[in-house]
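Contents: one structure, followed by commentary.
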Amino acid sequence: MRTNWTRIALVLGFFGSSVSAAAAQSPELYSDMHWRSIGPTRAGRTRALDGVPDQPNVFYIGFDNGGMWRSTDYGSTWQPLFDKETTGSIGAIAVAPSDPNIIYVGSGAGIIRPDLSTGDGMYKSTDAGATWTHLGLRDSQMIADVVVDPTDPDRLFVGVLGHPYGPNEERGIFRSTDGGQSFEKVLYHDEYTSGNDLVMDPSDPNTVYATLWQQQESFRESGAFGGFGDGIFKSTDGGTTWRPLTQGLPSVIEANLALAPSNPNVLYAMVAGLPKGAEGSSTTGVVGIFRTTDAGEHWTPINVPAGPMGEATSHVDTRPLARIGGGDLPTLTVDPTDENVVYSSTVVMWRSEDGGHTWSAIVGAYGGDDYQKTWINPNNPDIILTVSDQGALVSGNGGESWSTWYTQPTGAMY
């Protein structure tokens, strides 16, 4: 016993003398030591983005787990804007078209998939991202989309995905008419059904389209379950009432939308669904592109391996339909000056110049595979911002060449 106490005393004496010696060191010994980044010099998955039409050098991007960043030099360098907030997960960014100093941010990864991060609701800046105010929807956990009225910066809609691993009430489509001081749930199915995608008619802000998506994750690399019968909805009274759009569409599991600003009657939908009547059967689902020219009343299959009633369609280019790893449904963007020029963001970024019938690749693995979303400057469609699993790329010449993503070192690395 005496020997053990002797050993303990020696150990304590050693550490005590070491602490005393460390405390006595002069700060000058390490004053020249500074932290530096040693990599990796690439970013993680990016789902949120927006730009400022009248400031073509300015872009905003948000990472699933890496905060929000701004570039003021056409994507050459990026500065973090969200380091002081209580979450670093960003799902949606919306700059108010009538006042670029007002920015809304929805936190939480913008898509439910196996690898994700959650947030704590909505944020707002009135000084172009210098400072932020938390607004609400704190239990939303994941927000997929935000759109702002082009004439009223206080009126906005939010697509809330909700809890990825269980039911909750704070999901669906929400509307605010007071700049985010309060939110009203205006489109809701049940505690398992998420608000996914939103588009607003720029010529008539009372016309809003939305998609609902029933999806839950599990501990496996696949969804626990998904549902049918939700799909695409339209409101013509500013979001007070909604009706489903179904004519010409399959039974929709999930859908992403894109509206042609030059002709708001034209919309495209990337749809994952089943032939009508096949719900609950062993029929394999299909991903395809549908188009409407009458503001959603009737839809026509444009690029669909199997038609809305299950009939075979020959000579379909399936490349722009390819799902990204983890089940992400490709997103669509329409050129603001030409209703027939469409972009598909998937494992490669594709462009069609004939309304979705034929496609060509404009950027692939050079910029990092798995493209998530694309924004095109409405004043100059040659200026394109796209985000992927490796960050953001910018083109100033319509996709002929692109910037580098090496200036956005963030978390959630692949």
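Numbers here are sequence positions counted from 1. The structure displayed is predicted, hence computed values, not measured ones.
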Are any of the side-chain heavy atoms of [X] and [Y] separated by less than 4.5 Å?
X      : Y      : result
Val208 : Arg175 : no
Phe157 : Asp145 : no
Phe233 : Ile173 : no
Leu321 : Trp350 : no
Ser194 : Gln215 : no
Leu156 : Met122 : yes
Thr72  : Asn57  : yes
Pro205 : Pro150 : yes

[Y] backbone acceptor or donor facing [X] side chain under 3.5 Å:
X      : Y      : value
Glu170 : Ser140 : yes
Ser107 : Asp120 : yes
Thr292 : His298 : yes
Lys234 : Gly296 : no
Ser352 : Thr358 : yes
Tyr209 : Asp201 : no
Thr333 : Thr374 : yes
Asp50  : Val95  : yes
His163 : Asp139 : yes
Thr46  : Phe63  : no

To the nearest 0.5 angstrom, please state how far the [atom1] atom of [X] sits from the [atom2] atom of [Y].
X      : Y      : atom1 : atom2 : answer
Arg171 : Asn196 : CZ    : CG    : 11.5 Å
Asn377 : Gln55  : CG    : CD    : 10.5 Å
Thr133 : Asp127 : OG1   : CG    : 8.5 Å
Asn263 : Glu339 : CG    : CD    : 4.5 Å
Met68  : Leu49  : CE    : CG    : 10.5 Å
Lys124 : Leu135 : NZ    : CG    : 6.5 Å

Can you name the closest pair of heavy atoms from [X] and [Y] and give their distance?
X      : Y      : answer
Ser235 : Thr241 : OG-O, 2.8 Å
Val148 : Ala94  : CG2-CB, 3.8 Å
Ala269 : Leu257 : CB-CD2, 3.8 Å
Pro330 : Ala322 : CG-O, 3.2 Å
Asn397 : Glu400 : OD1-N, 3.1 Å
Val158 : Phe183 : CG2-CE2, 3.8 Å

Donor on one side chain, acceptor on other, [X] and [Y], under 3.5 Å:
X      : Y      : value
Glu169 : Tyr188 : yes
Asn303 : Arg291 : no
Tyr268 : Ser344 : no

Look at the rings of Phe59 and Trp78 and say which category their plane angle falls in: under 30° parallel, 30 to 60° tilted, over 60° perpendicular. tilted
List the steps and the verdict of side chain to side chain donor-acceptor pair (under 3.5 Å) for Thr118 and Tyr165. CA-CA 11 Å; Thr118 57; Tyr165 292 99; over 6 Å; no
Of the options Val334, Thr331, Ile376, which is the one that meets Tyr343 in a side-chain contact (heavy atoms from CB on, under 4.5 Å)? Ile376
Option from Ile253, Leu329, Val304 for which side-chain contact (heavy atoms from CB on, under 4.5 Å) with Val287 holds: Leu329
Could you give me the CA-CA distance, side-chain angles and deciding distance for Leu393 and Met349, then say whether side-chain contact (heavy atoms from CB on, under 4.5 Å) is met? CA-CA 11 Å; Leu393 294 173; Met349 186 175 170; over 6 Å; no
Please assess Asp328 against Asp370 for the test side-chain contact (heavy atoms from CB on, under 4.5 Å), listing each intermediate value before the final yes or no. CA-CA 9 Å; Asp328 310 19; Asp370 290 7; over 6 Å; no
Start with the C-alpha gap between Tyr60 and Leu385, add the side-chain angles, then the distance that decides, and say whether side-chain contact (heavy atoms from CB on, under 4.5 Å) holds. CA-CA 9 Å; Tyr60 296 91; Leu385 168 68; over 6 Å; no
In this structure, which one of Arg113, Arg47, Arg45 forms a salt bridge (Lys or Arg N to Asp or Glu O under 4.0 Å) with Asp64? Arg45
Who passes salt bridge (charged side-chain N to carboxylate O under 4.0 Å, His left out) against Glu191, sequence neighbours left out? none
Answer yes or no: is there an ion pair linking Glu297 with Arg243, defined by an N-O contact shorter than 4.0 Å? yes
Output, in order, the C-alpha distance, side-chain angles, deciding distance and verdict of side-chain contact (heavy atoms from CB on, under 4.5 Å) for Gln372 and Asp389. CA-CA 7 Å; Gln372 295 286 343; Asp389 281 3; 3.0 Å; yes
Check side-chain hydrogen bond (donor to acceptor under 3.5 Å, both in side chains) between Asn379 and all other residues, then give those that pass, not counting sequence neighbours. Asp54
